[in-house]
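Comments concern the structure below.
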Amino acid sequence: MAKKNYPESFWHPRYWPTWTGFFFIWLAAFMPWPVKRGLGRLLGYLLWFLAKRRRHITEVNIALCFPELTSSEQKQRVKDIFIANGIGLLETATAWFRDPEYLRPSTQLKGGEHLQNALAQGKGAIIIGIHFSTLDLAGAINKLGFDIDAFYRKHSNPVFEWIMTRSRKRIYGAAIDRHDLKGALKRIKSGRAIWYSPDQDFGRKVSVFAPFFGIEAASIKMTARLAKMTGCAVVPLAVRRLKDNSYELEYFPALDNFPSGDDIADATRINRIIEGIIRQHPEQYMWMHRRFKTRPEGEKSFY
């Protein structure tokens, strides 16, 4: 009898809603793009209306990061963010369940030579990715040009985790738990490129405070430390959903003189790069997370 690659408990009734949800997500992946985008917009409106906690977080982030906008402009940007992320959920479904070749006609990859040049040094590379709503779709698009690895965060629901991991292994050479430092170092030292997103708040213990949109933000030190331990290149990447509904990935030249040995200076530099990319299409960023939840001693929470 063939050995099962999933535990029997997956079929427990507590997981039936998850299986049902993924069935509809799978169906959505095979819908025409205009239908997916329309459903995504509707889903975004529903989330904007129903997800009051996430809407509040987004409103706070936009007020902090774009004080030059009027109140009505900030409200519209918040709504645009939810719409973009609603579409992003359908894009994620496409990335997880469709062959990446399906995406080739509607995508373009720019600056690929920068990653090629970095990998040619033989020391691997860290790709600085950003939490845009197109995150998983970007991974699938990248598969059309490069075979890379990626960090990921485990999900508490084992069925969700199993499906997500299987799907991402179709896109990436390896999906590495964000806590598996040894595994990451081994892959980088073997000459691999790893997609790493250092734009979220992981707490005080692993971070330094560095400006992000003019706000002191807990900024993870791991980017510089991985580069120091391996000697690898650090290559920024931008992902864009364009007005004509096509997609663009753009690699930039590897950072020179990085790391510098100064954790705050290095974190500031990474934040500045990420901020510059976000400003090109701010509505496509995942502003729903509490980017500024960890505050310097004595400061009150923004949220």
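Note that the structure is a prediction, hence the values are computed from the model and not measured. Heads up: numbering here begins at 1 and tracks the sequence.
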Cut-off 3.5 Å, side chains only: do Ser260 and Asp262 have a donor facing an acceptor? no
Working to the nearest 0.5 angstrom, can you tell me the gap between Ile128 CD1 and Ile273 CD1? 7.5 Å
Within the distance-only criterion (no hydrogens, no angle test), does the side chain of Glu250 pair as donor or acceptor with the backbone N or O of Lys110 below 3.5 angstrom? no
Quick one: does Gln121's side chain have a donor or acceptor within less than 3.5 Å of a partner on Ala233's backbone? no
CZ of Phe49: more than 12 outside heavy atoms within 6.0 angstrom? no
Considering only distance and modelled atom types, tabulate donor-acceptor pairs under 3.5 Å from the side chains of residues 192-200, sequence neighbours left out.
| unit_1 | atom_1 | unit_2 | atom_2 | d |
| --- | --- | --- | --- | --- |
| Arg192 | NE | Asp149 | OD1 | 3.4 |
| Arg192 | NE | Asp149 | OD2 | 3.2 |
| Arg192 | NH1 | Asp147 | OD2 | 3.1 |
| Arg192 | NH2 | Asp147 | O | 3.4 |
| Arg192 | NH2 | Asp147 | OD1 | 3.4 |
| Arg192 | NH2 | Asp147 | OD2 | 3.4 |
| Arg192 | NH2 | Asp149 | OD1 | 2.8 |
| Trp195 | NE1 | Ser197 | OG | 3.3 |
| Asp199 | OD1 | His131 | ND1 | 2.6 |
| Asp199 | OD2 | His131 | N | 2.9 |
| Asp199 | OD2 | His131 | ND1 | 3.4 |
| Asp199 | OD2 | Tyr285 | OH | 2.8 |

Which side-chain N or O atoms in residues 17-25 pair as donor and acceptor under 3.5 Å with protein atoms at least two apart or in another chain?
| unit_1 | atom_1 | unit_2 | atom_2 | d |
| --- | --- | --- | --- | --- |
| Thr18 | OG1 | Asn157 | ND2 | 3.0 |
| Trp19 | NE1 | Phe10 | O | 2.9 |
| Thr20 | OG1 | Trp16 | O | 2.9 |

Point-to-point distance, once rounded to the nearest 0.5 Å, from OG of Ser219 to NZ of Lys221: 11.0 Å
Steps toward salt bridge (Lys or Arg N to Asp or Glu O under 4.0 Å) verdict (Arg279, Glu275): CA-CA 6 Å; Arg279 284 188 180 276; Glu275 178 181 334; 3.1 Å; yes
Establish, yes or no, whether the cationic atom of Arg168 lies under 6.0 Å from the six-membered ring centre of Tyr152 and within 45° of the ring axis. no
If we ignore hydrogens and angles and just use 3.5 Å, is the side chain of Asp136 paired with the main-chain N or O of Ala95 as donor and acceptor? no
From Ile215 CD1 over to Arg295 CZ, what is the distance, rounded to the nearest 0.5 angstrom? 7.5 Å
Hey, does the side chain of Arg98 reach the backbone of Ala29 with a donor-acceptor pair shorter than 3.5 angstrom? yes
Nearest heavy atoms of Arg241 and Tyr247, plus distance in Å: CG-CE2, 3.7 Å
Heavy-atom count check: over 12 atoms from other residues, nucleotides or ligands less than 6.0 Å from Lys293 NZ? yes
Those residues at least two apart in sequence (or on a different chain) that pass side-chain hydrogen bond (donor to acceptor under 3.5 Å, both in side chains) with Glu113 are none
Looking only at atom types and distance, does a side-chain atom of Thr134 sit under 3.5 Å from a main-chain N or O of Leu137, one as donor and one as acceptor? no
Considering only heavy atoms from C-beta outward, does the side chain of Leu135 approach that of Val239 to under 4.5 Å? no
Find out whether Trp33 and Thr94 are in side-chain contact, i.e. whether some heavy atom of one side chain is under 4.5 Å from a heavy atom of the other. yes
Compute whether any side-chain donor of one residue and acceptor of the other, for Asn142 and Tyr251, lie under 3.5 angstrom apart. yes
Is a donor on one side and an acceptor on the other found under 3.5 Å between the side chain of Arg170 and the backbone of Trp96? yes
For Tyr303 and Phe292, indicate whether the former's side chain and the latter's backbone hold a donor-acceptor pair under 3.5 Å. yes
Taking the ring of Phe213 and the ring of Phe66, is the distance between their centroids below 6.0 Å? yes
State plainly whether the residues Lys154 and Glu161 are in salt-bridge range, i.e. N to O under 4.0 Å. no
Taking the side chain as every heavy atom from C-beta outward, state whether Leu237 and Leu249 have any pair of such atoms under 4.5 Å apart. yes
